[in-house]
Amino acid sequence: MSWKPEADEIARRRQWAEAMGGEERVRGYHERGYLTIRERIGHLTDKGSFQEVGKLAGKATYDENGNVQHVVPMPYVMGLAKIDGRPVAVGGEDTTIPGGTSMSGSSWRIKGGQSGFVDDLACEYKIPLVRLCSGYGGSVGSTKKLGYAALPGHTRMPFQNTVELLETVPVVSAVMGTAAGGPAGRVMMSHFTIMTKKSSIFAAGPPVVERGTGEKVTKEELGGWRIAVNKAGTIDNVAEDDEDCLRQIKRFLSYMPQNVWELPPVVDTGDRIDRCEDELLDIIPRDTRKPYNMHHLIEMIVDKDSAFEVQPTYGRAGINMLARLNGKVVGIIANNPMLGGVVDIKSARKQTRFIELCDCFHIPILFIVDVPGYGIGVEAEMNGVLREGMRQLYVKMQATVPKMSLIVRRCFGMAGGTTLDKTGLNFKIAWPSATWGSLPVEGGVSAAYKHEIENAPDPEKRRAEIEAELKSLSSPFRTAEAFAIEDVIDPRETRPYLCQFFDAMQGKLKLGLGPKKKGGVRP
C-alpha cells in the first residue's frame, strides 16, 4: 500500500506555508519596499542550502470528516542553511501572516516556539545564529486566553540559551521591521546587531509610552535608526535597505569562526605583504592640532577592501574595525583625530565590547594610537567617563588574545595606557611622529612648572623654554635607545612589519581555543 496520499498532503501543506499571508499581503509588503522573510533567507544564504524546520506548523481548519481544508502557517520561518559554504541556523518572523507574530510564542512549543528552536539548534550544533527580527512581544490579550495573569516567562523565557550562545557561537540579529518587547530584548542578546532605515526598536511602543508617560512620539522618534544606532548605540550598524542589511550580515560573519573551538577563517585577499604606501609618510601633520583621516590610514595598512567598521556612527571618537592582515582576521581599535581622539564615554563603551568580541572569537587586536587622554570637563565627569574608561582597561587586561600597539601620534595619560598590553608581551611600535607621556607637553608644563613660570621675569618666554626642552627629551628615538619602546619604524614599512607578527600570533591563538573562563560577550 502506497503512502502517496499522505505525501501529497505534505506537499499541499508546504504550499500553504510558502504562500505565507497570501498574494495581496505579500504584494503590499513588496510595495512598502520590504522583502518577505523567505526572500530574506534566500538572499542571505547559499542558493538551495536552506532546509526549513517546522514548515507544517500552523492553525489548521478541518471539515466534518476530519479532512484538512487549510493551514494558516506559523508567522516564523527557520531552519538550517549555509552562508559561504558554512552552516548557520537562521530564522525570522513572517509579518505577512494575519494575527501577528505572537502566534510564534512559547504556547506553540514547550521549549519556546520556533524562535526558541532555532536558538537551540545553533547552541546544540555550535554554529552561528542569525535572527531576522520583526516582531512584538507579549500582549494583555494573553490574560484572557489563559484565564489568569501569568508571570513573565511562564513557560520558557526567550533568553534561555543566551549565556551559552554568547560564550560559544557568533550571534547576529537584524531588525527588519518593528521589534518591541521580548523580540527587542532578543536582539540585544547578540554579538552584532543591525537595522534597516525603515525599522524601529524599543522596549515598548508609542501607545504604551503615551499611556505611561504622556509622551506622544512616533516609532521613528522613539526607536528609529537615528536614535538606536547614532544616539543610544543599542544597535551597531544601520543598513539602507533589506539587501544592504543582508550583505552586512554576511560580511560580519566572514570574519567569525563557526564557534569558539575554531579560529577565524583565513582567506587569500590577493594583497602583497610587502606593499608599502608612500602616502603614509605624509599622513600625520607635524602640527598636533591638525586632524587627519584615520580610516584612510587603516585602509592603507590592512589587506585591500578588507576593513569592516562596527558601530561607525556611535562613539565616533573611537574606531572599531574588523580587517585582515595577510588574510588573517584582526580587530583594530583606533582613535579618531577628526574628533580630537579623546576617549569619551561612548567610545570607551563601544571599544570595551569590541575587545570582548575579539577575545571571545580568538581575534588578535591591533591598537592604532593617537589619544591625548580622556574627555575632560564637567559633562564628561557627570557622564562617568572614568568608570567607562577603567572598565575598558579592565576588560583589556582580562583579554588573552595577542595584542600589539602602533603609536602614530599621541599616547598620553590613563587613556593612553589602556592601549598598551601591560599584562602580555607589551609589544609596541611607533612612527617618528609619535609622542607620549603622562600629559601632553603643551598642557602639562603649566601644571608641573606653575610656580617657576609665574615667578619668571617673562612667564611666557620661560614657558616656551621649558616646553622646548621637554620636547627635545620626548623624541621617540630617545625612548627607543632605552628600549622602552620596541621599535620605531618608517611609516611605509607598517604593513609588512605587522603582517609578519600577526602571522606569528596564530600559534598562540590555537592554544586558546574554547570558551573563555571569564565568559563571553555581555549584551
Side-chain angles (χ1 to χ4, degrees), residues 6 9-30 34-42 44-45 50-62 67-81 88-124 129-139 141-142 144-146 150 153-161 173-187:
E6 286 81 2
E9 181 170 339
I10 290 173
R12 186 157 54 117
R13 287 172 179 259
R14 287 175 175 174
Q15 287 178 343
W16 286 331
E18 290 167 2
M20 296 181 287
E23 290 184 9
E24 184 176 344
R25 293 182 71 93
V26 169
R27 183 168 55 250
Y29 213 66
H30 287 159
Y34 296 109
L35 298 173
T36 66
I37 181 57
R38 294 186 177 277
E39 291 167 335
R40 287 168 178 169
I41 292 174
L44 176 67
T45 61
F50 180 52
Q51 177 57 62
E52 189 171 348
V53 179
K55 198 170 186 176
L56 303 192
K59 289 282 189 180
T61 55
Y62 294 85
N67 297 312
V68 67
Q69 300 298 296
H70 185 67
V71 177
V72 177
M74 286 283 288
Y76 200 91
V77 178
M78 59 89 189
L80 186 69
V88 299
V90 59
E93 289 85 4
D94 180 1
T95 51
T96 70
I97 302 293
T101 57
S102 61
M103 286 175 61
S104 62
S106 58
S107 60
W108 283 79
R109 182 175 184 266
I110 294 300
K111 291 189 74 179
Q114 289 168 304
S115 60
F117 180 84
V118 76
D119 284 19
D120 293 344
L121 180 63
C123 195
E124 179 72 16
L129 170 63
V130 180
R131 305 184 185 115
L132 306 177
C133 306
S134 179
Y136 297 87
S139 165
S142 62
K144 185 175 181 180
K145 292 178 183 178
L146 291 170
H154 65 285
T155 52
R156 180 180 191 265
M157 285 293 286
F159 313 118
Q160 200 77 13
N161 284 330
S173 292
V175 183
M176 307 181 79
T178 299
R186 292 179 74 233
V187 171

Full working for side-chain contact (heavy atoms from CB on, under 4.5 Å) between Leu121 and Met78: CA-CA 10 Å; Leu121 180 63; Met78 59 89 189; 5.8 Å; no
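- Partners of Gln69 according to the side-chain contact (heavy atoms from CB on, under 4.5 Å) rule, which considers only residues two or more places apart in sequence or in another chain, are Thr61, Asp63, Asn67.
- Residues Leu35 and Tyr29 share a closest heavy-atom pair of O-CE2, 3.0 Å.
- Residue-environment remark: CD (Glu24) stays at or below the threshold of 12 foreign heavy atoms within 6.0 Å.
- The minimum heavy-atom distance linking Ala19 with Val26 is given by the pair O-CG2, 4.2 Å.
- When all heavy atoms of Thr36 and His30 are compared, the pair lying nearest together is CG2-NE2, 3.8 Å.
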side-chain contact (heavy atoms from CB on, under 4.5 Å), that's the test. Do Arg12 and Val68 meet it? Break it down for me. CA-CA 10 Å; Arg12 186 157 54 117; Val68 67; 3.8 Å; yes
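- Between Arg14 and Glu18 there is no salt bridge, since no side-chain nitrogen of the basic residue lies less than 4.0 Å from a carboxylate oxygen of the acidic one.
- Between Phe50 atom CZ and Ile41 atom CD1 the span is 4.0 Å, to the nearest 0.5 Å.
- Looking at every heavy atom in both residues, Thr95 comes nearest to Arg25 through O-NH2, 4.0 Å.
- Taking CD of Glu124 as the start and CG of Asn161 as the end, the distance is 9.5 Å to the nearest 0.5 Å.
- Under the 4.5 Å side-chain criterion, counting only non-hydrogen atoms from C-beta, Met20 is not in contact with Pro73.
- Val118 approaches Gly91 most closely through the heavy-atom pair CG2-N, 4.1 Å.
- Considering CZ of Arg40 and CD1 of Ile37, their distance stands at 6.0 Å, rounded to 0.5 Å.
- With values rounded to the nearest 0.5 angstrom, Arg186 atom CZ is found 4.5 Å from Ser115 atom OG.
- Atom-to-atom distance recorded for Lys55:NZ and Met74:CE is 15.5 Å, nearest 0.5 angstrom.
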Verdict with supporting geometry, Val53 and Leu80, side-chain contact (heavy atoms from CB on, under 4.5 Å): CA-CA 8 Å; Val53 179; Leu80 186 69; 5.8 Å; no
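- Residues Ile10 and Leu56 approach most closely at O-CD2, 4.2 Å, considering heavy atoms.
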Might you work through the side-chain contact (heavy atoms from CB on, under 4.5 Å) test for Val187 and Arg131, ending with a clear yes or no? CA-CA 8 Å; Val187 171; Arg131 305 184 185 115; over 6 Å; no
